[in-house]
Amino acid sequence: MSRIIGIDLGTTNSLVATVESGFPYVIADSEGRRLTPSVVNFPDAESAPVVGIEAQRQQPVQPANTVYSIKRFMGRRGDDLAETEKQVPYSVQYEANGPVRVAVHGRLWSPEAISAEILKKVKQQAEVSLEESVDRAVVTVPAYFNDAQRNATKKAGELAGLTVERIVNEPTAAALAYGLNRLKTNAKIAVYDLGGGTFDLTVLELKEGVFQVLATCGNTRLGGDDLNRRVVEHLTKKIQEAGGPDVTSDLTQLARLHEAVETAKVRLSQELEADIALPFLSIDGFNFHYRLTREELEGLTRDIIAETRQYCARSLADAGIEGKELDQVILVGGQTRMPLVRKMVADFFSCTDFEPVHGNLRVGSEPHEADGPQLNTSQNPDEAVALGAAIQAEILSGGMKELLLLDVTPLSLGIETYGGLMNVIIPRNTTIPVKAGEMFTTAADRQQSMLIHVLQGERERAQDNWSLGRFTIEFESAPKGVPRVGVQFEIDANGILHVLARDTKSGRERVVEMKSAVDVEDTKVQEMVEESVEHAFSDLRARQWVEAKMRAQETLDATEKGLEQCPDEIDAAQRQEIDRLTREVRELLSREDPVTGAGDVDRLKEVVSRLDEVTRPLADAMMDKAMERMLREQGMIS
């Protein structure tokens, strides 16, 4: 039976994902891009449509022939379109009670047919990466999509040559990706999904490993596109006030402005200011430059984001619960990266902003005891839905079974990683049967094999846990960090642990059956747990020391390489400081306590950080040389 892939058919971007060796991942294209813009360009009446990043690049120069945000028109009729939805540079045609069509080069395209072109693109992307034909998929939709919209999505899949095995609600898919199926029974979760064109708030309840939608409420006409439109309107006025043209009368210039606004908006999620530069907006050479600040962006769009609150309130009311009764609120959709969005969500639900390093913090206040749900931002908001679709696809394929309340793992299971640490793959008290996995790589150049040392226990260092077995997986020699080995743990209903290791490049794999992961004497379990509590502080210091030591060795190696390749990039004083810091790092590394397995972590981090600073000219020079070598190999320079 052929593989089933998971597809997130999004308003702004679409993604395709699958599960390999027990872990889901988003499939990248040949250029390494995981997000495929949901944009279709029609070059002329005879040529095939162009999809993705290539189509997006044509948007400023061929706005009337480039279709974006088509998801907003899926399964819709003319009489339920809002005026703002009709304000797109391409031609949207409809009758009052008839279906929506897009007119391009004298031909009418249905939204389903245009969406099918996007699905064909990601389908081809998956086939190239997986090196096999793919004709089955799980496709996600917003939870509040009606039957017409769901049927339109299914039809788009069929037009793309896919059998749509299941239409899955985006919030449920996101919850699977976040691993929320492992929460306590009767846990309640809210999924706040703000994407490019749509918004919804869905309340889910977990019962015996199955998610049930308690309530959902949203708006198919509210998303990141609306924020962009507001900023475009603002900048259009600024251009005219500066003596420039009315860009709304020129589709090409308007498309350029939209593209610049999207880029600036993305940057402002990380930075406080972003420059918008639009040269030659008119025939007489008018150039426009504007510095947009995060504060200004928030002022322009605050009321749009605030609109989401009414849907949150309605969804909670329909579910019959209050925000403080939720266990978690998870964020989905690229627009949730915006700091103002996260602040509004945290305030509305009285969330605690969970940071694994710093503990539970209320957004904008001092640490306190948690009195509300956690704001969970642990997953990439752009990729969560696609990953969840892949998990659902794997379940349908028989690769993952529904969780059964038969037993739990008494102790954590994992493998030994570089530095002698234990990497947990299945935590203790996980319900079985269960399957989980992670991807690992090499820490040394030209390594040709990897030792898989399977461990059970609760201690940080491998030597302090129980060894369940060892085996080796071989692969082609390559620089460190290049090989990818997927390791999957599966505990069946009988408690037997099966460990699979697969080299993703060659497909070579080994499957080893270990002894029972459940049949452990209670006294031994209690002893191990007590030891982990007793040694918690020293174990943590040991882990911190190993991680700092590995980072220090990497810095020493890079420094030595930089001095060898680019000795003329630093002066005598810098060289003297580098030599002094290098000696101190080596001295600190030599002071490791043989009993505790740790050293002066704080001082080592401090000295390594200083060494990083003074060797930055070497790093820049090495980067320049590498770039020059690459350009020369490509024949771009002589």
Side-chain angles (χ1 to χ4, degrees), residues 21-23 179 355-358 378 409-430 436-445 447 449-473 480-489 497 499-501 512 514 517 520 525 527-558 585-586 588-605 608-609:
S21 299
F23 58 88
E355 293 286 349
V357 176
H358 302 295
S378 61
T409 56
L411 293 169
S412 299
L413 294 156
I415 68 171
E416 180 177 355
T417 56
Y418 187 69
L421 298 175
M422 176 175 174
N423 186 94
V424 174
I425 293 180
I426 299 180
R428 70 182 296 260
N429 286 332
T430 298
E438 288 188 27
M439 187 78 79
F440 296 91
T441 188
T442 53
D445 283 331
Q447 201 170 318
S449 64
M450 182 182 294
L451 174 66
I452 308 298
H453 183 197
V454 183
L455 303 165
Q456 185 174 30
E458 301 304 313
R459 302 289 297 276
E460 296 286 349
R461 294 189 300 179
Q463 67 185 38
D464 296 324
N465 293 295
W466 299 332
S467 174
L468 298 186
R470 294 176 170 88
F471 65 94
T472 301
I473 179 79
K480 67 178 180 180
V482 173
R484 298 173 68 208
V485 175
V487 176
Q488 175 185 280
F489 280 21
L497 173 64
V499 180
L500 175 147
V512 178
M514 304 288 175
V520 184
V525 172
E527 181 182 333
M528 174 61 77
V529 173
E530 288 177 354
E531 283 184 4
S532 70
V533 174
E534 180 183 352
H535 299 284
F537 182 76
S538 60
D539 281 1
L540 178 60
R541 293 296 291 179
R543 173 175 284 275
Q544 291 173 337
W545 171 252
V546 170
E547 292 172 347
K549 185 169 66 171
M550 292 166 60
R551 174 75 180 89
Q553 192 58 57
E554 289 177 358
T555 303
L556 288 175
D557 293 343
V585 170
R586 290 198 169 98
L588 287 167
L589 290 175
S590 69
R591 294 180 189 169
E592 179 178 308
D593 189 319
V595 177
T596 64
D600 191 341
V601 176
D602 296 334
R603 180 56 184 166
L604 182 60
K605 287 182 177 180
V608 170
S609 177

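Remark: T555 pairs with R551 by the side chain to side chain donor-acceptor pair (under 3.5 Å) rule, at least two apart or across chains. In terms of the side chain to side chain contact (heavy atoms under 4.5 Å, CB included) criterion, residue partners of T441 (sequence neighbours excluded) are, by chain and number, P483. Residues passing the salt bridge (Lys or Arg N to Asp or Glu O under 4.0 Å) test with R591, sequence neighbours excluded: E587. Taking the side chain to side chain donor-acceptor pair (under 3.5 Å) definition, one finds that D602 meets it with nothing, sequence neighbours left out. For S449, the side chain to side chain contact (heavy atoms under 4.5 Å, CB included) test picks out T472, E474, with sequence neighbours left out. Legend: residues meeting salt bridge (Lys or Arg N to Asp or Glu O under 4.0 Å) with E554, ordered by chain and number and at least two apart, are absent. Scored by the side chain to side chain donor-acceptor pair (under 3.5 Å) test, E438 finds N423 as partners (sequence neighbours excluded). With sequence neighbours left out, the side chain to side chain contact (heavy atoms under 4.5 Å, CB included) criterion links A552 to V585, L589, L604, V608.
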Given the rule in the side-chain contact (heavy atoms from CB on, under 4.5 Å) test, do E547 and L421 qualify, once you have shown the distances and angles that lead to the verdict? CA-CA 9 Å; E547 292 172 347; L421 298 175; 4.1 Å; yes
Using the rule given for side-chain contact (heavy atoms from CB on, under 4.5 Å), can you reason through T417 versus F440, listing the C-alpha separation, both sets of side-chain angles and the distance that settles it, and then say yes or no? CA-CA 9 Å; T417 56; F440 296 91; 3.9 Å; yes
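For the pair L451/F471, no side-chain contact is recorded, criterion being any heavy-atom separation below 4.5 Å from C-beta on. Counting only heavy atoms from C-beta outward, the side chains of L500 and F489 never approach each other to under 4.5 Å. For the pair H453/I415, no side-chain contact is recorded, criterion being any heavy-atom separation below 4.5 Å from C-beta on. A 4.5 Å side-chain heavy-atom check between F23 and Q488 finds every atom pair outside the cut-off. Using a 4.5 Å heavy-atom threshold, the side chains of I452 and V487 count as touching. Counting heavy atoms from C-beta outward, N465 and Q456 have side chains that stay 4.5 Å or more apart.
To the nearest 0.5 Å, atom CG of residue L413 and atom CE of residue M422 are 6.5 Å apart. Annotation: the span from L455 atom CG to Q463 atom CD amounts to 11.0 Å, rounded to 0.5 Å.
For the pair E458 (side chain) and S412 (backbone), a donor-acceptor distance under 3.5 Å is present. Formation of a donor-acceptor pair under 3.5 Å by the D464 side chain with backbone atoms of E460 is not found in this model.
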